[in-house]
Amino acid sequence: MAEAPSVDPKAKTAEHALTDVRRAKAARLRERNENPFANDVVPRTLGARTLDVAEVRACAAVARDDAGKYPDDKVKAATGGQTFHIRGRIIAFRSTGGLSFLRLRDRTGEIQLLVSEAAMGPGYASLEDLDLGDIIESEGTLASSKRGELSIEPSRIRMLTKALRPPPEKWHGLQDVETRYRQRYVDLVANPLVAEVFRARSYIVRATRKILDDKDFLEVETPTLTPLVGGAVARPFDTHHNALDMPLFMRIAPELYLKRLVVGGLERVYEIGRCYRNEGISTRHNPEFTMLEYYWSYVTYKHLVEFTEVMIRGIDAELRKAMPEAHARWSSERPFAIDEAFARVPMAQAVRKGLAATEIAAFSDFLGADRGFDAAACSQVLGTDFGEHIKGWAKSSPRAKAIDWGNFRKGWMKCDNDGERLFAAYEYLCEPFLTDDYKAADGKRSLPVFVMDYPFETSPLARRNDTSPDRVDRFELFVHGRELCNAFSELNDPDDQAERFREQVRKKAAGAEETMDFDEDYIRALEYGMPPAAGFGMGMDRLTMMLTNAPSIRDVILFPLLRAET
RNA sequence: GGGCUGAUAGCUCAGUCGGUAGAGCUGCGGACUUUUAAUCCGUAGGUCGCGGGUUCAAGUCCCGCUCGGCCCA
C-alpha cells in the first residue's frame, strides 16, 4: 500500500492543503501507470453495455416493487448477470471497511455502486485514491443492497478525471449567492434544483421553436452588430470595428432586420437571440438577454392576442411533458393562472378603472359621465400639474395611498403630449395593481392581462388604429404584474414611419438618451412594400422565470453579468 | 444614484457586555462487509472582505472602500 500523501499544512493555505492531497492521489495513480485525466474513453468495454444511468435503471424496471425497492433476486432475474458499464461523478462515498457505497451521477440520474472487496479483488485498495467529485467509469452486474436500493456491483473502477477541488458541503450545497453566479459550474453540481431550471430553459426554447416551426415560420439570424440603433427604446452598448474603422452598436432588438425579411417575401420569420441593453441590473434585467421576435404576414395584433395564449399554454404543456415532476412542483406554486382565458383591457379603460379605484372625489363627475376616455381626456382630468392635490388624493383610499404619486408627477411633468401622459397614468395608476385587479376564477391566483391599444406617441414602429389615430394596434402581456410580451400590427407606411423616425431624432437632439436612429435603409425597404403583418416580442429569460417560479433573472441566466472579481 | 442588508476555516454556519477564534461537513490517521447527511475514536485547518480610527484590548464600536443581495430610482 502506498504511503499517505504528505502535506505540510504550515507551508500553504488550507485551500492548497486540500488540493495537494488530491494531487498526491493523482500522482499515485500515475505511479501505477494510470492516467488521472484519462482520454481513452470508449463507448463500450469488452463484454459490457455502456449505458446512461437512466438506461441502466430502465433495464431493472421490472424488478421494482410498489415501494420502489428492488429485491435482489428479481434484479438478478431481470438482468441475467449481464455486465453494465457507466460513467459519472462520485457524489457520495461511504465505506464500512470491506464494503463501500459510492453514488454516481450522470446527466440522466444517479445510481449506487456497491463496491465489495470480494468482487473487486486487489483493485479494492485503489478506492483510497477516489474522492468526492472524481469522475470515474465502472463496470459490473446489477444487484440490490440489503435495503433494496438498485446498485451496480463493480468488478472494475477506473479514474477518468481526478477532481482536485472538493465539492461544497454535502447537505447544504453551495449557498453563497455570489459564488453560485461566479462559479456556476460548482452551483450546477452542488444544487440539482439549479441544473433543473436550466434544463427547463432549454425545453422552453425548444418548445417555442416547435410551435413556430409548426406554423411554417422560418428561423433566421440577423446582425447583433449594427451601425444604427433601432427596434426598441433603450440605451445601446457602443463598440467599434477596427478594420472598417466603423462605430457599431450591439443590437437592442432584431425588429428592423426581421421586418426587412418580411419585405423580402419570407412572410413568417422568427429569431431567438441575444439582445443587449446598456441599462441597470435588477432581478428582472440583465444587460444581455434572450428575446424571441416573430413577424407574421397577413394577420393583425388581434390574431396575436389569441395566438399568445395558445403559445404560452403550448410551451407549458411541452415543459410538463419533458419534466413532469419538476413541472408539477412549479405549476402548483404559481401565483397566476394560465389555464383560463387571459384578461384583455384597452389602456385607456385600464386608466379609467385605475382612477375609479382611487376613490378620489375630484374624479367622480368625470368618471360618472358616459363618455370615452382617451389620452386627451386623461390629461384633462389630471390637469397639467397635480402636485398640490397629492396630499389630499393619497388619503382617499388604501389604493390611492399605495400609488407612487411623487414619481408619477415627475414622469407626468416630463411628458410632451397626451399620449405620453396616458402612458404615465397607466404606469403609475394601473400597472402596479394588475395582480390585484385581474384575478382567476379561484379568486386567488392572478390572471395574465393583455393591455391593449397604446398611445401612438410611445410606439414609433406600430400601426395606427384605423378608427382612433391617437392609438396604435398594440398590446403588452403582463403575467403576475411582470411584462412578458410586446406585440403590434406593424407600421408599413414608409412616409408615416419616416415621420416617426424624425420625431425620434428630434427627441435625441433634445437630450433624450433612449431613442431610435433614423434608418434610411429601413424606410427604403418599406418603400418596396411590406405586406400587412403583426410582430411579437417576448423575453425568453422572463418566460423561463415565470414557468419555473424563479425570483431573479440571474436564476435563469447561466452566467449573469457581475462586477469583475477582486 | 438612494435606502436596507451581508462578507468569520475549502463548504454550511455560530461567535453574548469589546477580553485567548468555535461547531458540523470536507481533509488526514485509525476501526468497521449493507451504507443512505453512515457511525465511532483521534487530528489538521483562520490576513474574521480591504484600509484607517477609538481603546490597555476590536471578529465585535466608528469612518472610508471593495464585492454581493433585496427594495427604490
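Each chain gets a letter, A, B and so on, in the order its sequence line appears, and its residues count up from 1.
- Look at CD on A:Gln183: it is 17 Å from P on B:rC67, rounded to the nearest Å.
- Stacking of A:Arg474 on the aromatic ring of A:Tyr454 is recorded, both the 6.0 Å distance cut-off and the 45° axial limit being met.
- Exactly one of A:Leu562, A:Asp187, A:Leu561 qualifies for a side chain to side chain contact (heavy atoms under 4.5 Å, CB included) with A:Tyr181. That residue is A:Leu562.
- Under the Watson-Crick and G-U wobble criteria, each requiring two contacts below 3.5 Å, nucleotide B:rG1 is paired to B:rC72.
- In this structure, A:Asp176 atom CG and B:rC13 atom P are separated by 8 Å, rounded to whole Å.
- Under 4.0 Å is where a charged nitrogen must lie from a carboxylate oxygen, and between A:Arg107 and A:Asp52 at least one such pair does.
- When distances are taken from the side chain of A:Thr96 to each of B:rU35, B:rC70, B:rC11, the shortest belongs to B:rU35.
- With rounding to whole Å, A:Lys146 atom NZ is found 13 Å from B:rU36 atom P.
- Seen from the ring of A:Phe386, A:Arg409 does not count as a face-on cation partner, given the 6.0 Å and 45° thresholds.
- One donor-acceptor pair, N or O on each side, does fall under 3.5 Å between the base of B:rU35 and the side chain of A:Ser145.
- Of the candidate nucleotides B:rG27, B:rC67, B:rC32, B:rG27 has the atom lying nearest to any side-chain atom of A:Asp131.
- Using the Watson-Crick or G-U wobble rule with both distances under 3.5 Å, B:rC25 pairs with B:rG10.
- Within the 4.0 angstrom heavy-atom criterion, only backbone atoms of the sugar-phosphate kind lie near A:Gly173; the bases stay farther away.
- Nearest nucleotide to the A:Ser552 side chain, out of B:rC67, B:rC70, B:rU33: B:rC70.
- Going from atom CG of A:Leu114 over to atom C1' of B:rU33 covers 9 Å, rounded to whole Å.
- Atom CD1 of A:Ile281 is separated from atom C1' of B:rA73 by 15 Å (rounded to the nearest Å).
- Distance from the side chain of A:Gln175 is smallest for B:rU12 among the nucleotides B:rU12, B:rU26, B:rC28.
- With distances taken from any side-chain atom of A:His172 to the nucleotides B:rG68, B:rA38, B:rU12, the minimum falls on B:rU12.
- B:rU35 is unpaired under the criterion used here, namely a Watson-Crick or G-U wobble arrangement in which both key atom distances are under 3.5 Å.
- For the pair A:Leu174 CG and B:rU12 P, the computed distance is 5 Å after rounding to whole Å.
- Base-pair partner of B:rC65: B:rG49 (Watson-Crick or G-U wobble, both distances under 3.5 Å).
- Rounded to whole Å, the separation between the C1' atoms of B:rA57 and B:rC40 comes to 42 Å.
- A salt bridge links A:Lys25 with A:Asp131: at least one charged nitrogen is closer than 4.0 Å to a carboxylate oxygen.
- A close approach under 4.0 Å does occur between a side-chain nitrogen or oxygen of A:Lys170 and OP1 or OP2 of B:rA38.
- Across all strands shown, A:Thr283 has heavy atoms under 4.0 Å from sugar-phosphate atoms exclusively, and none from any base.
- In this structure, A:Arg180 reaches neither bases nor backbone, as no heavy-atom distance under 4.0 Å exists between it and the strands shown.
- The base of B:rU35 is paired with the side chain of A:Gln112 by a donor and an acceptor separated by under 3.5 Å.
- Expressed to the nearest 0.5 Å, how far CD1 of A:Ile204 lies from CG of A:Leu547 amounts to 4.5 Å.
- For B:rG46 and B:rC62, the P atoms lie 29 Å apart once the distance is rounded to whole Å.
- Aromatic ring orientation, A:Tyr276 versus A:Phe237: perpendicular (interplanar angle above 60°, classes split at 30° and 60°).
- Regarding the sugar-base torsion, B:rC17 falls in the syn class, its angle being within 90° of 0.
- In this structure B:rU20 sits in no base pair that meets the Watson-Crick or G-U test at under 3.5 Å.
- A:Arg147 comes within contact range of at least one nucleobase, with a heavy-atom separation under 4.0 Å.
- Separating the CD atom of A:Glu513 from the P atom of B:rG1 is a distance of 14 Å, rounded to the nearest angstrom.
- A donor-acceptor contact under 3.5 Å is not formed by the side chain of A:Glu169 with the base of B:rU26.
- Across B:rC11, B:rG10, B:rC28, the shortest atom-to-atom separation from the side chain of A:Leu18 is found for B:rG10.
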